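Structure first, then comments.
Each chain gets a letter, A, B and so on, in the order its sequence line appears, and its residues count up from 1. Here the structure is a predicted model, which is why all the values come from computation and not from measurement.
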Amino acid sequence: MLQLSSPEEKCQQLLEPPYDEMVAAHLRCTFAVSNHDFVEAYKCQTVVVQSFLKAFQAHKEENWALPIMFAATLDLRIFANNAEQQLQSKGKGKVGDMLEKAAEQLMSCFRVCASDNRAGIDDSKKWGMLFLINQLFKIYFKINKLHLCKPLIRAIDSSNLKDDYSTAQRVTYKYYVGRKAMFDSDFKQAEEYLAFSFTHCHRSCQRNKRLILIYLLPVKMLLGHMPTHQLLKKYDLMQFADVTKAVSEGNLLLLNEALVKHETFFIRCGIFLILEKLKIITYRNLFKKVYHLLKTHQLPLDAFLVALKMMKVEDVDIDEVQCILANLIYMGHIKGYISHQHQKLVVSKQNPFPPLSSVS
Amino acid sequence: MAANAAQQAPTPNWPYGSNSSGEGQVHENPEWEKARQALASISKSQNSTKTSPTNRTPQQAGPYQATDSSAVQQQQQQYYQQWYQQNQQQYAGYPYPYNYYYPMPPYGGPYPPGQYGVQGGYQTPTTPTGQAPAMPMMEDQSSSYSSQPPPPATPQPPPQSPTSTDPMMQGYNSGHIRPGYQGYQAPAYQPPQQQAPGQGPYGGPGRVDAKKPNNSNMNKGGQQLWQRMKQAPGSSAVKFNVQKRPYVMANHTFTPGEQAPGLASPTATNPSPGSVAATSTTSTGSAQTRPQDWPQAMKEYVQRCFTACESEEDKDRTEKVLKDLLQSRLQDGSAYTIDWTREPLPDLKPKQSRWEPVPQRSQENAIGRGGATRGRGGARLGNYRNVFSQRSPSSSSSHSSSRSPSPHSRHRDRSRHHRSDSGSQSDSSMSSDLRLPLSRRQQKAGRGRGAERERGRGAAGERGRGRGKANRGRRNMEDLSSGIGKKRKGGNAGLDFHDPNREAKKQSRAARFHTKLRTEPLVLNINVFDLPNGTQEGLSWDECPIVGTCQDITKNYLRLTCAPDPATVRPVSVLRKSLIAVQTHWKSNQDYLYACEQMKSIRQDLTVQGVRTDFTVEVYETHARIALEKGDHEEFNQCQTQLKALYKDCPSDNVGEFTSYRLIYYIFTKNSGDLTTELVYLTPELRADPCVAHALELRTAWALGNFHRFFRLYQNAPRMAAYLIDKFVERERNLALRAIIKTFRPSVPVEYVQSSLAFPDLDSCLVFLTGLGVIFTPSDPSKIDCKVSSASLTTS
């Protein structure tokens, strides 16, 4: 019954500014949501956040309103998301525009929190930073503006509270920072953050754990850690099963098939390009098998060409074999050299295929 | 007189500024009281000397007159000194203040005749030096003042002139007196008396800074300084009133009129001080028009105005009004043509309203001044109201103050008012001169005003003495500590502020129990928010389509800065011809600059008309290709962005081609995020497109470091993809070469590198290799010594 189309007057009679504005906007927002008008809801929610911020800023050395901010900003992002979808379905608006505007609002909240240097640790608004950052991460990842995350990460890195935020917030934060590290090809850090996120994520949050695994698995595989079949099954990630099998077996053919088969899923998760890099690992494992079969340190390049053709790699020739080998050697997956004159790969007698975890 | 000329030359502004700030101010403080007193006295004396001020004035007047008559600054100074001495003698307590203050008045007096001349000389010095010395002066007089005055002073200066302002400011700040002193002293005193040395520099610079106006200002400056000073510290109403009035008077109408009358009669008659002040103010400030030149009728009118004043406040108001009125009248020459006997007396109240807090006092001062000046003339100003309303503020006040105050009154007034008023006066002067600046000043003035008012009121009866004493006391205070202004302010604040505070406290107390509800109706400005959607831009063109009428095939591109004119926009039918013309021209001439401009103008015309058809796509595709061929990536990306949007509505056969360009461009920028996003939206149909398929293969090869495949695809790139790959082919070659050199042992033939990295010929490959510092095998130049080269490569 409180979903009113024009609650301004009543709010004005009962509440002093800026709370009257905030409540009025909220009521209008609920009215809009009940009508499934998320564009209107988003606009109202923007007013809610703005008027809240006015009051919040006036709370000197108090942070009791943080939970309100969390609720208001979370709603803001959700409404922006829904509004954008509504606009898109009508063919209006530019992708990401709504979310970007919402991000601006969140940033204004963030600035208020981050600049609260006067209050004591217990009353500091800085306790609201990580929540806002996580909301901003969600937006930035959605609109593909990962570069905007950098200052936020720096703010947390330099914060003395970074280990004292709630576990839930830290799990979310590390999840996004880990993802960003993965896209930046910093797989070591990505593994660290995502592993933290996975192990600290509450057991009841299976969906979240699955989301974390989607990014943790490729990173782990790139670093040579293959997931068990059991794990994949538990989290309903069997799309990775064939990939895992192909990589560990050096089965390039199976890998290509698996990637094609689940391409849509992998692309939507944004990990297709990462999984593609598993091909290099697969080459390594394949060539390692060749090495074990030939049991010599001087391997004719033709042998690798045969292996690649067996994997049905199209249009492959001896020059490409040299190219692939050159990359593997260059990246440290194979210890040895190529004799162009003799068309042979000469590998180290000791540990010619060092463990993946020691590479990269 | 030179000064006058200089002032005049500066133009009206100067006179105003100088008068108001300089003379008016200077005189104001002293003048105020003096002026009031003088006015009163004058009127009384002339008509029938009445109040005590008049008595004083006569005494003072004597010296003033002498000074006036001498018109020499030195003389004035001497006079001033004399006056001071006299005053001091008269007022035992006042001596110090008077000395300082008096110097100020002397300036006013001296300025007009002698001072101006002197000032003229000073002008050259420039403010900086003058200021510097001035500061010391200030300090001497009252360090505290100096500190305070600066703020107010600064604001004041602006109106007149930066340089002058500074000095003024300083004077004001420093405690009005100091700045005033310095400035005043410098001009007036320099030659004659002790102050001369200190003043000399001060005056010189300060005056100089003041600029030409400064000269007048300088002269006036002394006064102004005083006024400002007073105002600044006193900024309160009292000060304002006094200062303003004097300023006004002295500055404009009054100065002239007053001076003229004052000078002529004053010297001879009662207000020697008043006359001096008047003369000084008039001469200095009135550069525009000398008092002597003023029509007698106007002088009489001024006197009438002041005569009509019943209180000092009225006089202050009248002074302001008269200043404005007379200034304007004198400037436009109507002063000499209108029938002054019929001119309605100024209505003081409206003016007061402006200054409200200050006005009364300022008006009073002005009136007093005007009265003084007028008094000299013969009658009080009472009748002038109307006249003044326009001109009065600056001129009337300044003149009146300067003039009116007989030596005694001036001295006293100045000493009192100057300092005490200095704040207030300065404020008032400020207000008159610069209303905007006033805000600050007014605040200060408000405080000062209260004091001034009080003083003025209290002094009103005693005027010269009471004010003088008060001023002196204030002056002393200022000199000793921070300044009268502060004290005044404080005092005023006490008076004025109490009420607001109480109310505020009441409200805050009440707020504990009552929610402070919004008074304005609450309106959620939800609709104010721009829709995050980009619909606005689209709508702007789509909703108000234009159909061009221009028939020119070619048209130069101009970035639109306003709504397009259909007469300069070509319709699509013409644009089709234009496109063909550009394509033909491009093929035959390869003139990219021309082609790009023509394409941009075509694009603009399409955009302006909201045309989004296949033809639009064709235009953008054409331009994109041309830009790609010439490596203009800025234009290319613009076209790509437009094409991406256009393809949603107008699919083209070339979607695959330009999609592949986009993919390749992401490779170039290594933007894996956008690349992933792009992959998401690749439909199976698009993937089957040869261009897209090639781009995808290229991407895979690039991602895996498979340079062999990458360069093979580069060599077989469809359409214009190779132009795009050219952008980063060097980068990829570099990476590949590093892998090759690290991998092959002991050597690798150049020929292999050439074929693997898709060099068109051996020479270009060798150029590339040597450019990277690759070492070739000594025995066989056709082979690269990988081991040696890897070392040199890693360092490069």
Side-chain angles (χ1 to χ4, degrees), chain A residues 8-9 11-17 20-21 24-25 28 39-40 42-44 46-47 80 83-84 87 91-94 97-102 144-146 183 185 263-264 267-268 270 272-273 276-277 279-280 315 317 319-320 322-327 329-331 337-341 346, chain B residues 511 514-535 537-538 645 648 671-677 679-680 682 699-701 703-712 735-736 738-749 752 755-756 783 786-787:
Chain A
E8 288 90 341
E9 193 180 338
C11 292
Q12 183 180 357
Q13 290 167 355
L14 294 172
L15 298 162
E16 52 187 298
D20 58 345
E21 187 180 29
R28 275 184 63 166
V39 177
E40 174 76 5
Y42 166 76
K43 290 188 217 160
C44 293
T46 303
V47 177
E84 182 148 310
L87 286 175
K92 285 196 284 185
K94 206 169 116 190
D97 230 347
M98 279 281 194
L99 287 169
E100 270 187 71
K101 297 271 182 187
N144 246 324
K145 298 250 168 113
L146 294 193
F183 288 126
S185 298
E263 185 174 22
T264 309
I267 286 178
R268 290 213 175 272
F272 181 82
L273 299 182
E276 201 178 42
K277 291 185 186 295
K279 276 190 185 176
I280 294 171
D315 300 334
D317 60 16
D319 281 350
E320 187 166 352
Q322 292 186 62
C323 172
I324 294 169
L325 282 171
N327 268 310
I329 294 169
Y330 183 61
M331 295 166 73
Y337 64 87
I338 297 172
S339 171
H340 188 265
Q341 187 180 355
V346 181
Chain B
H514 303 287
T515 53
K516 192 176 178 182
L517 295 177
R518 193 183 294 263
T519 53
E520 305 277 322
L522 172 61
V523 177
L524 300 183
N525 52 355
I526 287 173
N527 294 324
V528 172
F529 274 95
D530 322 83
L531 271 182
N533 26 336
T535 51
E537 297 176 8
K648 289 178 185 172
N671 193 333
S672 60
D674 286 341
L675 206 48
T676 304
T677 312
L679 291 177
V680 172
L682 280 186
R699 188 209 58 77
T700 305
L704 297 178
N706 192 332
F707 52 83
H708 175 81
R709 197 170 281 259
F710 177 87
F711 286 107
R712 204 171 63 194
L735 284 172
R738 288 171 190 278
I740 289 171
I741 286 181
K742 189 182 176 185
T743 304
F744 288 90
R745 290 291 185 278
S747 62
V748 64
Y752 171 78
S755 63
S756 292
K783 290 184 179 174
C786 294
K787 197 165 189 177

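Residue contact with chain A, scored on non-hydrogen atoms closer than 4.5 Å, involves the backbone and the side chain of B:Arg745 alike. Heavy-atom distances place the backbone of B:Ser747, and not its side chain, under 4.5 Å from chain A. With a 4.5 Å cut-off on non-hydrogen atoms, A:Glu100 does not touch chain B at all. Looking at A:Leu273, the atoms closer than 4.5 Å to chain B (heavy atoms on both sides) all sit in the side chain, from C-beta outward. Looking at A:Asp317, the atoms closer than 4.5 Å to chain B (heavy atoms on both sides) all sit in the side chain, from C-beta outward.
Ranked by non-hydrogen atom pairs under 4.5 Å with chain A, the options B:Asn706, B:Thr677, B:Val680 are led by B:Asn706. Contact count versus chain A (heavy atoms, under 4.5 Å) is highest, among B:Thr700, B:Val748, B:Ile740, for B:Thr700.
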- Could you walk me through whether A:Arg28 and A:Val47 pass the side-chain contact (heavy atoms from CB on, under 4.5 Å) check? CA-CA 10 Å; A:Arg28 275 184 63 166; A:Val47 177; over 6 Å; no

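Nearest heavy atom pair, residue B:Phe711 against residue B:Ser756, reads CB-O, 3.3 Å. Of all heavy-atom pairs spanning A:Val39 and A:Met98, the tightest one is CG1-CE, 3.9 Å. For A:Cys323 against B:Tyr752, the heavy-atom pair with the smallest separation is N-OH, 4.3 Å.
With a 6.0 Å radius and a threshold of 12 heavy atoms from other residues, nucleotides or ligands, A:Tyr337 has its OH atom at or below the threshold.
Here B:Asn671 pairs with B:Tyr666, B:Thr669, B:Asp674 under the side chain to side chain contact (heavy atoms under 4.5 Å, CB included) rule; sequence neighbours left out.
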